[in-house]
Each structure stands twice: as C-alpha cells, then as structure tokens.
Amino acid sequence: VMGYTILAAGTSVPDLLSSVIVARQGLGDMAVSSSIGSNIFDITFGLPLPWLLWSAAHSAKAMTVSSESLGFALTLLIIMIVCIISIIAFC
C-alpha cells in the first residue's frame with residue numbers, strides 16, 4: 001500500500017505543478033482539463049494495462065475481479081467522460 005501511495009503521489013505532483021503554472025499564466029481552462037484528462041487517462045489505460053499484460057503472459061486466462069461497486073464506478077466514469085466531452089464540444 002505504501003508503494004502505491006508513493007507512486008500515486010509521484011505521478012500526481014507533476015500534474016499539479018503543470019496545472020498551477022498554466023493557471024498562473026491565465027489559462028484556467030487548460031489547467032482544469034489537464035488535471036481531469038490525466039485522471040481519465042490513468043483510469044482508462046493505467047488500470048487495464050497491467051491486467052492485459054497479465055492475461056497475455058498467462059495464455060489469456062480470465063482474471064476474476066470481485067467488487068460490489070465496480071458497475072457503479074464504471075457507470076459514473078462513463079457519465080463523467082460524456083459530460084466532459086460535451087462541455088468541451090459545446091462551450
């Protein structure tokens with residue numbers, strides 16, 4: 001758990017610093033989209049990639065994931081992505 005916490009902080013600090021720098025330049029929209037975009041990228045590529053590599057290394061054997069809230073989390077993520085794309089497209 002400590003390793004994941006340090007890894008999460010190590011990947012979030014550069015995003016924070018770039019968002020602060022861009023916001024101080026008067027580009028607040030860019031700062032917000034950078035922070036939201038990096039989180040969406042982490043969730044849609046950072047989480048599935050290790051599972052894909054594990055499956056490829058183990059002859060595409062299925063990996064069971066048991067979670068009571070996985071369906072809710074995925075639905076919320078998809079709604080958030082649709083909202084962000086809609087806001088960017090229509091504003």
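With sequence neighbours excluded, the residues satisfying side-chain contact (heavy atoms from CB on, under 4.5 Å) with Ile79 are Thr75, Cys83. Judged as a side-chain contact (heavy atoms from CB on, under 4.5 Å), and not counting sequence neighbours, the contacts of Ser86 are Val82, Phe90. Not counting sequence neighbours, the partners of Leu27 by the side-chain contact (heavy atoms from CB on, under 4.5 Å) test are Val22, Gln25, Met30. Among residues two or more places apart in sequence or in another chain, the side-chain contact (heavy atoms from CB on, under 4.5 Å) test is passed with Leu70 by Val65, Ser67, Leu74.
Membership of an apolar cluster is not assigned to Ile21, as no side-chain contact below 4.5 Å to another ILVMFWY residue is traced.
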